[in-house]
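First the structure, in the form of structure tokens, and then the observations on it.
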Amino acid sequence: MQQLDAAEIVLQWLGAHPAPSPAVIAIDGRCAAGKTTLARRLGEALSCGVVHMDDFFLRPEQRTAQRLAEPGGNVDYERFLNTVLEPLNRGESFSYQPYDCHSGMLQAPVFVKPSPITIVEGSYSCHPALWEHYHCRVFLTIDRAEQHRRIGQRNGSEGLQMFLEKWIPLEERYFASLAERCMDGTLWIDGDGHSITKEDFLSDR
């Protein structure tokens, strides 16, 4: 993805839609589409902090069949809402404990001070329970072959197989569940860093 072009699209949108203070920007989309890179570049351009949804995946004891059957249910959106989004929108300092997938444990608290803008990046950041708390929502997509190449390079062949069998289908079910939602204040960006429509994004699979 041409991240500079994607960043420009977001910055231009923000210029045309002045953000309140405090404001939160969400960057969601398909795995390996470049969400973290875009968040970093926007963070540098806007001089703001970034919170990662990867720190809020379900802990092992939370992964019930009922929960995983829920679109977007494989993140702890309740904890994210209570410990991050609500304090951010009130302009308050807060702390949260990132979940580490390798150890299966919560890590030492991260302390965050209030700022005019904060970026939240990661799959499921636009979960319906979190949707209304954002000023701007960005969805990134990526060509399927390039997605598989990036995941294989990053996670190895076994990791790619896990994504193909489990994580990508869960993401696609989540995206499909958002299809009928009112999506004002949403930007859709393809793998070349160009603006696309919601319909283009949803039909990309």
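Ring centers of W188 and H194: at least 6.0 Å apart, outside the cut-off. Within the 6.0 Å centre-distance limit, the rings of F80 and F56 are counted as a close aromatic pair. Here Y124 and Y77 keep their ring centres 6.0 angstrom or further from each other.
Residues W167 and N74 form a side-chain contact, since some pair of their non-hydrogen atoms from C-beta on lies under 4.5 Å apart. Between I119 and I27 there is a side-chain heavy-atom pair separated by less than 4.5 Å.
The number of heavy atoms from other shown groups lying within 6.0 Å of CD (E199) is above 12.
The heavy-atom pair separating I168 from I151 by the smallest distance is CD1-CD1, 4.2 Å. Minimum heavy-atom separation, S93 to P114: OG-CD, 3.0 Å.
The residues E146 and R149 are annotated as salt-bridged, a charged nitrogen and a carboxylate oxygen being separated by less than 4.0 angstrom. A salt bridge is absent between D28 and R137: the closest approach of a Lys/Arg side-chain nitrogen to an acidic carboxylate oxygen does not fall below 4.0 angstrom. In summary, R67 and E78 engage in a salt bridge, as defined by a charged side-chain N under 4.0 Å from a carboxylate O.
If you check the side chains of E70 and Q66, you find no donor sitting under 3.5 Å from an acceptor. N89 and Y134 share no donor-acceptor pair across their side chains, judged by distance under 3.5 Å alone.
In the hydrophobic clustering of ILVMFWY residues, with side-chain heavy atoms under 4.5 Å counting as a link, V110 and M105 come out apart.
Figure legend: cation-pi geometry between R30 and F201, with NZ or CZ positioned under 6.0 Å from the six-membered ring centre and within 45° of its axis.
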